[in-house]
Amino acid sequence: EQQINWYGRPMCLFQGFWCPSFTLRSLLCFQKKFKPHDTDIVLASLPKAGTTWLKALLFSIVNRHRFPIDQSPLLTTNPHRLVFSFECVHFRHEDNPNLENMNHPRLFSTHLAHQVLPNSLTNSKSKIVYVHRNLLDRFISDRKFFLKTNQETDFEPLPVEEAFDMFCKGIHSFGPFWEHILGYWKASLENPDRVLFLKYEDVKRDPISSAVKIAEFVGMPFSEEEEKRGLIGEISELCSFEKMKNLEVNKSGIHRGSIENSSFFRKGEIGDWKNHLSPEMAERLQQIMDEKMSECGLML
Ligand code: A3P
């Protein structure tokens, strides 16, 4: 399908959504070969919406009976190694033997839009947690990530105005954003037992209530005893930005190729866009949101 050069990185239009070309092979195989289990849990998001954080939270909630907090694999392993992404797993084998050997419930993540998830997954009983983030903060986070992880390459990054213009036209990784957000939003209304729509900002403001909500949604509610001994607070503390950013594995480890784990932990703030983008840009984006996705009622 159509290919473009986005910030010097090739992207192709995959079933109506812009995907980095390097993910294409995995995505095609995923669509054909992935065999969902009814107990699977999939974290879905646009890049830079808080995927790493939600991976850590989901992993901790789902595996809390396997590992005490002070022995959590998160202390020594980056969340992306604990929760595979459909974009990065290569579905080479007919029956995905590695995936079949995983502990249940299996946790996965994806940046794919709901509209292009395979029917086998959307028709299964597996659960999807979607995390949405203020689009301006997400845009800046994505840009900073890209600049940081491409310091060694020799191409000129697009000026911020041009990159923003492309973003507003829906040309960005896994965009257009309005289709992406609407797809999961509608699915969460139609099937609230199967799709949970979260906002980064809500999780940031109240991580404890968010952990409770996630645990209930995935069918593993916290018991009174767990609540009394402060387990929910311990989990949100372990997954907090400050804790995760300062773990040795996340300070020094390598994610993939030349991308360092530390690239996934920048500021973790709400409203950083105000340091980089103008009020006029925000107004333009809000207008697009009002035109294309007014039914969600999301504001910047
Ligand atoms: P910033 O660049 O604004 O700091 P993703 O995981 O989807 O790639 O998103 C990365 C963004 O989430 C980055 O945003 C990163 O700092 C932030 N982030 C990572 N871990 C976090 C955490 N535990 N709590 C809050 N934000 C976190």
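Sequential numbering from 1 along the given sequence is applied to the chain's residues. Every number for a ligand or one of its atoms is a count from 1 in the order of the listing. These numbers come from a predicted model, not from an experiment.
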Q.
Which label fits Phe139 and Phe167: parallel for a plane angle under 30°, tilted from 30 to 60°, or perpendicular past 60°?
A. tilted

Q: Mind telling me whether Phe264 and Phe145 have parallel, tilted or perpendicular rings, with 30° and 60° as the class edges?
A: tilted

(Q) Among residues at least two apart in sequence or on other chains, which ones pass side-chain contact (heavy atoms from CB on, under 4.5 Å) with Asp70? (A) Pro68

Q) Can you name the residues that form a side-chain contact (heavy atoms from CB on, under 4.5 Å) with Ile254, not counting sequence neighbours? A) Glu260

**Q.** Sorted by chain and number, the residues that approach ligand 1 to under 4.0 Å with a heavy atom
**A.** Lys48, Ala49, Gly50, Thr51, Thr52, Trp53, Arg133, Ser141, Tyr200, Cys239, Ser240, Phe241, Phe264, Phe265, Arg266, Lys267, Gly268

Q. Which atom names give the shortest non-hydrogen contact between Pro79 and Met244, and what distance separates them?
A. CG-CE, 3.4 Å

Q: Could you list the residues that satisfy side chain to side chain donor-acceptor pair (under 3.5 Å) with Lys292, not counting sequence neighbours?
A: none

